J.: 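First the structure, then my questions, so here it is.
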Amino acid sequence: MALIVQKYGGTSVAGLDQIRKVAERVAGVYGAGNGVVVVLSAMAGVTDQLIQLAQEITDHPHRRELDVLLATGEQTTVSLLCITLESMGYPARSLLGHQAEIVTDRTFGQARIVGIHAHRIKALLDQRKIVAVAGFQGRDTKGNITTLGRGGSDTSAVALAAALEADVCEIYTDVDGVYTTDPNLCKSARKLDRISYDEMLEMASLGAKVLQIRAVEFAKKFDVPVHVRSSFKEEEGTMVVEEETDMERVVVSGITYSKNEARITLTKVPDQPGVASKIFTPVAEAGIVVDMIIQNTRKGGLTDLTFTVPKSDYPTAMAIQKDVAETIGAEQVLGDEQIAKVSVIGVGMRSHSGVAAKMFTALANENINIVMISTSEIKISCVIQEKYTELAVRVLHSTFGLEDEKL
Ligand code: ADP
Ligand code: ASP
Ligand code: MG
């Protein structure tokens, strides 16, 4: 008997018909003698609706109370699944995050799992119950309800699979697996049979929302085999696994994009020791994560400094920099929210040169201007104007020969 953790995303539990299909799938796996823990998201769109409801009251809802509200989305789906399974004659129990003892830190809205006391789930599995756990939520050490950030049910599932030492963690979603790029944006995207944890980490952190980044971190750390596959089809999807030697032969394995960042530039900044610290310390103190940073070369003792922040933090970061500019004597603070980051990812880049040049040439051929560039061992990212995102993704996808030849 295998122990299988299955996670179903919002579109897979969008209504009672879909929940019934999930129940049938779960029942099939359980009926074959396996232990099954099911992790569910809220119904598609529900988390957004709940956020909107709170924002109708105030722009800054109380963070603890917002988490209490958002956790209700997943409470609905686990109970509906268990009611369905019980009505079909299968023994099923739902557990909310705190009942499953998923313990997190106290960062409401973006909490990190610090431990799972899995004894209650194990006891239910020993009694041959199907256990349905509400995704995206946990509790802090004082018992407050916390949520894990958007897409957090992926992380709930992988963390539970690690704690229970499950044989596999299956992530059921609305696409057939992990593709070379977002299949909803690029029709010639190709499904990958396997992808390494490191490549998946880069893909997730650079915008491929098919898996939440923390889920991949957990999977890598605890060696959890993750199988991303379709809720609507039987075919195998993509296995996220430890890097294999032949993976290095593929130079580029994926293209991602993110429209979630905004750019801030300080012009004519006095080029003196301590200035960068004065610019970035208040940003860090406000809890804002800076992504790319570029400082130009000095001209007449002055320099320009540009960086990117998440779009949601842009108004706060702009307000901070207006004060900073005055203090340090910079000329202006300029901002741009209409940007996108496109990235080329592949473990093979470690041993191959020329990827950056090929990427820049492909963008230049389409007259797409590159505003910022950043690189790591296995990725190159360019910030471009947002309106060119789709074009850039498609061009890079074909430049690096990623198309599905069958199409
Ligand atoms: P769920 O609600 O099941 O968690 P998500 O919407 O969070 O699903 O993630 C699935 C979506 O991720 C897909 O519909 C697809 O548009 C998007 N996506 C982005 N990049 C990729 C990629 N490289 N491979 C597969 N899906 C991707
Ligand atoms: N319901 C949450 C969200 O929409 C968590 C998830 O679906 O993974 O972000
Ligand atoms: Mg998701």
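Predicted model, so just to flag it, every value in this text is computed and none were measured. Ligands are counted one by one from 1 in listed order, and the atoms in each one are counted from 1 as well.
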J.: Decide whether T141 and R106 meet the rule of one side-chain donor and one side-chain acceptor closer than 3.5 Å.
T.: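 Judged by distance alone, the side chains do pair up.
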
J.: Which protein residues have a heavy atom closer than 4.0 Å to any atom of ligand 2, listed by chain and number?
T.: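 Correct list: S41, A42, T47, E74, F136, R150, G151, G152, S153.
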
J.: Can you check whether M292's main-chain N or O pairs, donor with acceptor, with T308's side chain at less than 3.5 Å?
T.: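 Yes; judged by distance alone, with no hydrogens or angles, the pair exists.
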
J.: Do S156 side-chain atoms and G152 backbone N/O form a donor-acceptor pair below 3.5 Å?
T.: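 At least one qualifying donor-acceptor pair exists.
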
J.: For atom 25 (C) of ligand 1, what is the closest protein heavy atom, and at what distance to 0.1 Å?
T.: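 Answer, as residue, atom name and distance: G177 O, 3.3 Å.
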
J.: Just wondering, more than 12 heavy atoms not from K311 lying within 6.0 Å of its NZ?
T.: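 Check passes, neighbour count above 12.
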
J.: Starting from atom 8 (O) of ligand 1, what is the nearest protein heavy atom, named by residue and atom, and what distance separates them?
T.: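 Here the closest protein heavy atom is T173 OG1, 3.1 Å.
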
J.: For atom 4 (O) of ligand 1, what's the nearest protein heavy-atom neighbour? Residue, atom name and distance, please.
T.: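 The protein heavy atom lying closest is K7 NZ, 3.0 Å.
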
J.: Measure the distance from atom 15 (C) of ligand 1 to every protein heavy atom, then report the residue, atom name and distance (to 0.1 Å) of the closest one.
T.: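 Sorting protein heavy atoms by distance from atom 15 (C) of ligand 1 puts D182 OD1, 3.3 Å first.
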
J.: How are the rings of Y8 and Y172 set relative to one another: parallel (under 30°), tilted (30 to 60°) or perpendicular (over 60°)?
T.: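 Because their plane-to-plane angle is under 30°, the rings of Y8 and Y172 count as parallel.
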
J.: Would D48 and R150 pass as an ion pair if we require N to O under 4.0 Å?
T.: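 The answer is yes: the pair qualifies as a salt bridge.
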
J.: Check for a donor-acceptor pair, side chain of Q338 on one end and backbone N or O of Q385 on the other, with a separation under 3.5 Å.
T.: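 Absent.
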
